[in-house]
Undergrad: 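Got a structure for you, questions after.
Everything numeric in this text was worked out from a predicted model, so none of it was measured.
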4 protein chains.
Amino acid sequence: MPPQPARRSERSRRAILAATQELLTESGYAGLTIESIAARAGVGKQTIYRWWRGKGAVVLEAIAEHLPEATALPDTGDLRADLRGVVRATVAEFADTGASAVTRTLTVEILVDDELAGEVRDRLLRPRLEGVRARLEAARAAGQVRADAPLDQVVELVFGPVYHRWLLRTSPFTESYADALAKLVMTAVTPAGR
Amino acid sequence: MPPQPARRSERSRRAILAATQELLTESGYAGLTIESIAARAGVGKQTIYRWWRGKGAVVLEAIAEHLPEATALPDTGDLRADLRGVVRATVAEFADTGASAVTRTLTVEILVDDELAGEVRDRLLRPRLEGVRARLEAARAAGQVRADAPLDQVVELVFGPVYHRWLLRTSPFTESYADALAKLVMTAVTPAGR
Amino acid sequence: MPPQPARRSERSRRAILAATQELLTESGYAGLTIESIAARAGVGKQTIYRWWRGKGAVVLEAIAEHLPEATALPDTGDLRADLRGVVRATVAEFADTGASAVTRTLTVEILVDDELAGEVRDRLLRPRLEGVRARLEAARAAGQVRADAPLDQVVELVFGPVYHRWLLRTSPFTESYADALAKLVMTAVTPAGR
Amino acid sequence: MPPQPARRSERSRRAILAATQELLTESGYAGLTIESIAARAGVGKQTIYRWWRGKGAVVLEAIAEHLPEATALPDTGDLRADLRGVVRATVAEFADTGASAVTRTLTVEILVDDELAGEVRDRLLRPRLEGVRARLEAARAAGQVRADAPLDQVVELVFGPVYHRWLLRTSPFTESYADALAKLVMTAVTPAGR
DNA sequence: TAGTAAGCGAGACGGTACGTCATGTCTTAAC
DNA sequence: GTTAAGACATGACGTACCGTCTCGCTTACTA
């Protein structure tokens, strides 16, 4: 018999998500266990298993709970400036220890659990990419971007390198790094004659 | 007292790494246990713990064992063609199920164990990046790349997007995708006047 | 948090004690392991560790489970005959392979684990000694035993030699041996004038 | 090929037996391991296994090494006094913590390993019993002991109760206890007319 | 007096069992 | 009738010792 969401205890749900977040920052993803979540939340283990598929799903929801809403990119008319803004913001986020830990957790989850991967991608990441893509479309309409530029790939050109550097910890994240990246992307997409 | 490598059994070492590779392809990283490795290799658990820090370290070495040597990039004089070659090869590798599983494993390890991360980066990944960087330097000397291009970032511009697409499984890996990426990178680095 | 006996599974308890008894007769005390008990009983190791301190405690309880209740000695009025009966029974028990194995196990446990020793002594052995002591008291009241005989020591005079012979395997256990021992004890306690 | 005793290192033998004794008093029989003996003695494990069958055999030899020679009983002509002496000495020995530990070890060994049991009995215990038996024979020849008394059983009448009390820790060992026991035995063996 | 075979310290090896931990399921009592 | 609590079977963890094995080294007998 599947559980009836109508009877679900909101109190328990909140306690579980809160406990998960606390334990995540205290002991990291690897040190997190269902048992510790249940104990901290003052909840039976069964209550967790009844409503989530496992550790990954709980963590995902706990993170999603407190994630900023994906906001549309500002459009100042100046693509270079707007891109620089996105890149700087992204770089700053990856440089931040806390946010970085969250991303690490999500990335592991993506790699390990195919089912969760889809959810993470669609609920948390896609919106961001879409924001940039929308801005690029507007710019292309305004003739600031080559007509033949593959916009999805350009979006990846923006985020991919940051992700890569973060993952491999090859070099630090500075503002000048962000600006150089934005410049490279601009060069790649600016129409020939400009 | 630390173990003395002089007395180490090469036979056991090989058996362990071979068993690890087999089990990795059979049951994946999550399903891999030290006990199963020991059983399959016909080896005592202690022999594994004596020489490796844990599952991650064994896997890392097992993978490293059979990884192709990082080869220097071919330099045909035509940067565009050479870049296209690298990108195509990289894309093909990520598209391959087996190689992809290996990369997945390594990436998880990087995210989860800081100590291993460094080793993975230095022993397995850095050489590849260095190969591309060297080729770019040669091209810059030949005037085929802007003098002010930040080469490390250009390297990331090549690999980052592929990594990003692979991670998020946003779209499939095709040859035309690879070529479009190579073209974007070329556009970003080609000197203005050309 | 100590376990709550109220929730204890009687089914598991029985299975564990039964498995212990089987394995004890099959492979002896030294060959007995917690893992084998758990496997045979179809029980998790933790369930054993939750309710017992270790191998010794389980064995003790398994033995106690099926031990005959300590019965009061018959009092026929003839002390000599009654004593002969006890000694013969004791000797017979020590001569029996199965019962002997149990005693061996208990004795080792007594020697090795002080905490268990007390329990074994009080729950299993003391009652027997008390039975003989009670019979001796009755006999003393009837004038069949010296008034100044130290009864506790007389009890030891009955069991001690049997234990000693069993332990050292010096000579076999025969009925005539038993009778000779009973006679010696009788001689030691019978009042002078008789 | 069996080892050649001629080449045996006396130095190692001594070190092993000394280490065994130390560890026996420090951590008891159960806590004793071959590895700890080897480490403490500065000796390879193989050297132990070459010359002994296992833990029990080493312990046995270590104990035998420092055991007082079995001395013949004094014969003062007064059996009662001589018996009292033996019993007092035995009781004192069992009351002593150190000697008691040794006896405990030996007893466990007897119970657990049949092969060792024989050796322990013959090399360590039998001589004592023989001493008492010899004294009793002399007494019987002198008419101080019933002609029909089964001397082997009388010997057990002396030692058995002490052993029993020690094993079960039922009551403390005092001098008056010893004397009462000696008196009981005397009563059991003294010829009727005396 | 050299050569050589044994014993030696050391410790790696394949194993077994340990006692602990977390998993996901099942049971009980209380609200 | 869902919950908190927690016992349960399962199975991996990392450790401790087992008894065997192989290394060089030292030592004492043999040629």
Undergrad: Looking at residues at least two apart in the chain, or sitting in another chain, which of them share a side chain to side chain donor-acceptor pair (under 3.5 Å) with Arg8(B)?
TA: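 So Arg8(B) forms no side chain to side chain donor-acceptor pair (under 3.5 Å) with any residue.
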Undergrad: Distance from Leu111(C) atom CG to Leu106(D) atom CG, nearest 0.5 Å?
TA: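 It comes to 10.5 Å.
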Undergrad: Who are the side-chain contact (heavy atoms from CB on, under 4.5 Å) partners of Thr33(A), not counting sequence neighbours?
TA: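 Checked Thr33(A) against side-chain contact (heavy atoms from CB on, under 4.5 Å); matches are Glu35(A), Ser36(A).
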Undergrad: Which string of ( ) [ ] | and . matches DNA chain F, if you list each base 5' to 3' and count Watson-Crick or G-U pairs only when both distances are under 3.5 Å?
TA: |||||||||||||||||||||||||||||||
Undergrad: Encode nucleotides 19-31 of chain E as B, S and - characters from 5' to 3', where the letter depends on protein heavy atoms closer than 4.0 Å: B to the base, S only to sugar-phosphate, - to neither.
TA: BBBSBBBBBB---
Undergrad: Considering residues at least two apart in sequence or located in another chain, which fulfil the ring pair (Phe, Tyr, Trp, His ring centres under 6.0 Å) criterion with Trp52(B)?
TA: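 Counting only residues at least two positions away or on another chain, Trp52(B) forms no ring pair (Phe, Tyr, Trp, His ring centres under 6.0 Å).
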Undergrad: For residues 54-64 of chain C, pull every pair meeting salt bridge (charged side-chain N to carboxylate O under 4.0 Å, His left out), keeping only residues two or more places apart or in separate chains.
TA: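 Passing the test, one end in residues 54-64 of chain C: Arg13(C)-Glu61(C).
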Undergrad: Please classify the nucleic acid contact of Arg50(D) as base, sugar-phosphate, or nothing, using heavy-atom distances under 4.0 Å.
TA: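 Base, at least one base atom sits under 4.0 Å.
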Undergrad: Could you work out, with salt bridge (Lys or Arg N to Asp or Glu O under 4.0 Å) as the rule, every residue matching Arg7(C), not counting sequence neighbours?
TA: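 By the salt bridge (Lys or Arg N to Asp or Glu O under 4.0 Å) rule, Arg7(C) matches no residue at all.
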Undergrad: Can you find a side chain N or O atom of Trp52(B) that sits less than 4.0 Å from OP1 or OP2 on dG14(F)?
TA: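 No, outside the criterion.
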Undergrad: With sequence neighbours excluded, give me every salt bridge (charged side-chain N to carboxylate O under 4.0 Å, His left out) pair touching residues 17-27 of chain D.
TA: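 Salt bridge (charged side-chain N to carboxylate O under 4.0 Å, His left out) check on residues 17-27 of chain D returns Glu22(D)-Arg40(D), Glu26(D)-Arg40(D).
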Undergrad: Can you list everything that forms a salt bridge (Lys or Arg N to Asp or Glu O under 4.0 Å) with Arg14(C)? Sequence neighbours excluded, please.
TA: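 By the salt bridge (Lys or Arg N to Asp or Glu O under 4.0 Å) rule, Arg14(C) matches Glu10(C).
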Undergrad: For Arg169(B), enumerate each residue passing the salt bridge (Lys or Arg N to Asp or Glu O under 4.0 Å) test, keeping only those at least two apart in sequence or located in another chain.
TA: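 Partners of Arg169(B) by the salt bridge (Lys or Arg N to Asp or Glu O under 4.0 Å) criterion, ordered by chain and then number, come out as Asp114(A).
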Undergrad: If you check every side-chain atom of Thr47(A), which of dA5(F), dA4(F), dC8(F) has the closest atom?
TA: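 Nearest nucleotide to the side chain: dA4(F).
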Undergrad: Could you pull out all residues at least two apart from Glu119(A) that satisfy salt bridge (Lys or Arg N to Asp or Glu O under 4.0 Å)?
TA: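 If we apply the salt bridge (Lys or Arg N to Asp or Glu O under 4.0 Å) test to Glu119(A), skipping adjacent residues, the hits are Arg123(A).
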Undergrad: Using a heavy-atom distance cut-off of less than 4.0 Å, which residues of residues 10-29 of chain D contact DNA chain F?
TA: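 Result for residues 10-29 of chain D: none.
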